[in-house]
Amino acid sequence: MPLYLPHFNLQNYNTLASPVCAAFFTSIKDEDELHAAIKFAKEKELPLLVLGGGSNIVLHEDFPGLVLHIQLMGRELVRADKDFYYVKAAAGESWSSFVDYCLDEGFYGLENLSLIPGSVGAAPIQNIGAYGVELKDVFSELTALDVKTGLSITFTPESCQFGYRDSVFKNEMLDRFVITSVTFKLEKQPNLKLQYPALQAALADYGPQEITPELVSEVVCEIRRSKLPDPKQIPNVGSFFKNPIVSAKKLTELQKNYPDIVSYPVDSRHVKLAAGWLIDRAGWKGRELDAAVHAQQALVLTNPHRLKAAVVLGLAAAIKEAILQKFGVVLEQEPRNYP
Ligand code: FAD
Ligand code: NAP
């Protein structure tokens, strides 16, 4: 029987360190506890917040419902075929520790995704990505509990509808499922993805024989530590905005005034702009009000004084408006607001 803690302070459970309270909080260590907690919330008509590491949420006010802190643990090699290992991890496992475990075991493909904070269960929600690899590239299937029916469902890659920092769980199936485990399809032989410019630059002095998955992971960790604030020191939720996708025509217009604008092709008619570049060029990099724009990476907003995350939303709104006025580009927030 899970314990329901009332008026629970969430400051240590979100990496923005927002000092807000949940009406109730409970830890979920097995599926029976999950069923019981969902029943409790239904009986009391409480909204649910499924919480992993709290590294992609903005808790700007008290949450008037039940927080389910997912602590389901376990990982196992479930099968192998000629080229791949299929490795299953429970939703509460730390993503970063799971990547390290896979490298140690010789299950390859996660190295570019090293050191991303948070849990395994949250990784499919926004199809986490970094340094040219996304979760969808290594995904086999996931299991999730349907909050409405209480049934456990398996999702294939197709049914997850993965997109750029997006999935079905942020759209049609928003708040409908609690992910309980994820199975990955990992390579038996290293198949390195080294096209990302920052990675190429960092590996330029190594010979091809020297570049191993372990080295790629180390280099990714080094780059990340040099650019990104550690949430334990400076509270943040990583990139606050997605990189906007615009038409190639819009890029041509922007290039007239900003010939050095940073963009990457998406398809024959669309490009992705670097939101960090737009924010920097609009003069916001390093600015500090109650919240701040990180000096090494303008896409990261921080909460150095550990205030309510409403101050970060205020800064984000001012930046969005400035980018719209200056470039005519709409920025979309990446982390989700609660309540
Ligand atoms: P939470 O913040 O706890 O939850 C995020 C969302 O997922 C919420 O809506 C929550 O309800 C839902 N959720 C969580 N667990 C479950 C579950 N089991 N079932 C159903 N729903 C669930 N992201 C990237 O993509 N790439 C990066 O490189 C990256 N770098 C980051 C660097 C820093 C310093 C920080 C702070 C964040 C970074 N992020 C990055 C964002 C974040 O780490 C990821 O989105 C991560 O997957 C969030 O995991 P979490 O467990 O903390 O999720
Ligand atoms: P960066 O290397 O400074 O590059 C800036 C942006 O340009 C990135 O956001 C990246 O988009 C894009 N980009 C660079 N090279 C690209 C290429 N060859 N093809 C397509 N797009 C390219 O980025 P960074 O801030 O240091 O982050 C490094 C990686 O970690 C990125 O993949 C980033 O997404 C990820 N990251 C994510 C978060 C988060 O919270 N979501 C936080 C920190 C880092 P993409 O974002 O699409 O890769």
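Atoms within each ligand, like the ligands themselves, are counted from 1 in listed order. In this text the structure is predicted, and so the values were computed from the model without any measurement.
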### Message
Give the atom numbers and elements of ligand 1 that come within less than 4.0 Å of a heavy atom of I57.
### Response
2 (O), 4 (O), 5 (C), 8 (C)
### Query
Under a heavy-atom criterion of less than 4.0 Å, does R224 contact ligand 1?
yes
### Query
In ligand 2, which numbered atoms sit nearer than 4.0 Å to a non-hydrogen atom of K272?
11 (O), 20 (C), 21 (N), 22 (C), 45 (P), 47 (O)
### Query
Just which atoms of ligand 2 are under 4.0 Å from any heavy atom in L228?
43 (C)
### Query
If you measure every N/O of G118 against every N/O of ligand 1, is any gap under 3.5 Å?
no
### Query
Between the main-chain N or O of K88 and the side-chain N or O of T183, is there a donor-acceptor pair closer than 3.5 Å?
no
### Atom indices of ligand 2 within 4.0 angstrom of Y164 heavy atoms, with elements
46 (O), 47 (O)
### Query
When you look at T26 and I28, which way does the side-chain contact (heavy atoms from CB on, under 4.5 Å) test go after all the steps?
CA-CA 7 Å; T26 190; I28 301 296; 4.0 Å; yes
### Message
Could you tell me, atom by atom, which parts of ligand 2 come under 4.0 Å of a heavy atom of K227?
### Response
1 (P), 3 (O), 24 (P), 26 (O)
### Query
Applying a strict 4.0 Å limit to heavy atoms, is R165 in contact with ligand 2?
yes
### Message
With the threshold set at under 4.0 angstrom, would you say Y338 reaches ligand 1 through any of its heavy atoms?
### Response
yes
### Task
Show which atoms of ligand 1 fall inside a sub-4.0 Å distance from at least one heavy-atom site of A130.
28 (O)
### Query
For the rings on Y85 and F107, is their centre-to-centre separation under 6.0 Å?
yes
### Query
Can you find an N/O atom of Q126 closer than 3.5 Å to an N/O atom of ligand 2?
no
### Task
Could you tell me which residues satisfy side chain to side chain donor-acceptor pair (under 3.5 Å) with N257, sequence neighbours excluded, listed by chain and number?
none
### Message
As an exercise, identify every atom of ligand 2 less than 4.0 angstrom from a heavy atom of G238.
### Response
40 (O)
### Query
With a 4.0 Å cut-off on heavy atoms, is L299 touching ligand 2?
no
### Summary
Logged contact type for F169 with ligand 1, heavy-atom cut-off 4.0 Å, is neither
### Task
State whether the shortest distance between N or O atoms of T15 and N or O atoms of ligand 1 falls below 3.5 angstrom.
no
### Task
Decide whether the shortest distance between a heavy atom of G276 and an atom of ligand 2 is less than 4.0 Å.
no
### Query
If you count the atoms of ligand 2 from 1 in the order shown, which ones are under 4.0 Å from a heavy atom of A130?
30 (O), 32 (O), 35 (C)
### Task
From atom 41 (C) of ligand 1, work out which of N112, N56, V220 has a heavy atom at the shortest distance.
N56
### Task
Measure D230 to ligand 1 on non-hydrogen atoms and call it side chain, backbone, both or neither using the 4.0 Å cut-off.
neither
### Query
Hey, does E134 sit under 4.0 Å from ligand 1 if you only count heavy atoms?
no
## Note on the structure
Per-atom filter on ligand 1: closer than 4.0 angstrom to a heavy atom of R165 are 25 (O)
### F162 and F139 aromatic ring geometry - parallel, tilted or perpendicular at 30°/60° bounds
perpendicular
### Query
Apart from V67 itself, what residues make up its hydrophobic cluster, given side-chain heavy atom links below 4.5 Å?
L3, L5, F8, L10, Y13, V20, F25, L49, L51, I57, L59, F63, Y338
### Message
Any nitrogen or oxygen of P117 lying under 3.5 Å from a nitrogen or oxygen in ligand 1? Just yes or no.
### Response
yes
### Message
I'd like to check whether I179 has a polar contact with ligand 1, where a contact means an N/O of the residue lying under 3.5 Å from an N/O of the ligand.
### Response
yes
## Note on the structure
The protein heavy atom nearest to atom 10 (C) of ligand 2 is Y196 OH, 3.2 Å
### Query
Which of the atoms of ligand 1 are close to G129, meaning less than 4.0 Å from one of its heavy atoms?
24 (C), 25 (O), 26 (N), 27 (C), 28 (O)
### Task
Taking only heavy atoms of Q297 into account, list the atoms of ligand 2 that are under 4.0 Å away from them.
24 (P), 25 (O)
### Message
Applying a heavy-atom cut-off of 4.0 Å, say which part of V50 lies close to ligand 1: side chain, backbone, both or neither.
### Response
both
### Task
Report yes if some N/O of E334 lies less than 3.5 Å from some N/O of ligand 1; otherwise report no.
no
### Task
Report, in ascending order of atom number, the atoms of ligand 1 lying under 4.0 Å from any heavy atom of L51.
3 (O)
### Query
Nearest non-hydrogen atom to atom 39 (C) of ligand 2 belongs to which of S239, S263, A275?
S239
### Query
By number and element, which atoms of ligand 1 are closer than 4.0 Å to a non-hydrogen atom of F177?
20 (C)
### Task
Using side chain to side chain contact (heavy atoms under 4.5 Å, CB included) as the criterion, point out the one residue from V329, L273, I245, V271 that pairs with K250.
V329
## Note on the structure
A student comparing F241, Y131, F240, Y264 should find that the heavy atom closest to atom 22 (C) of ligand 2 comes from Y264
### Query
Is the ring centre of Y264 less than 6.0 Å from the ring centre of W277?
no
### Query
Looking at E334, which atoms of ligand 2 are within less than 4.0 Å of one of its heavy atoms?
39 (C), 40 (O), 41 (N)
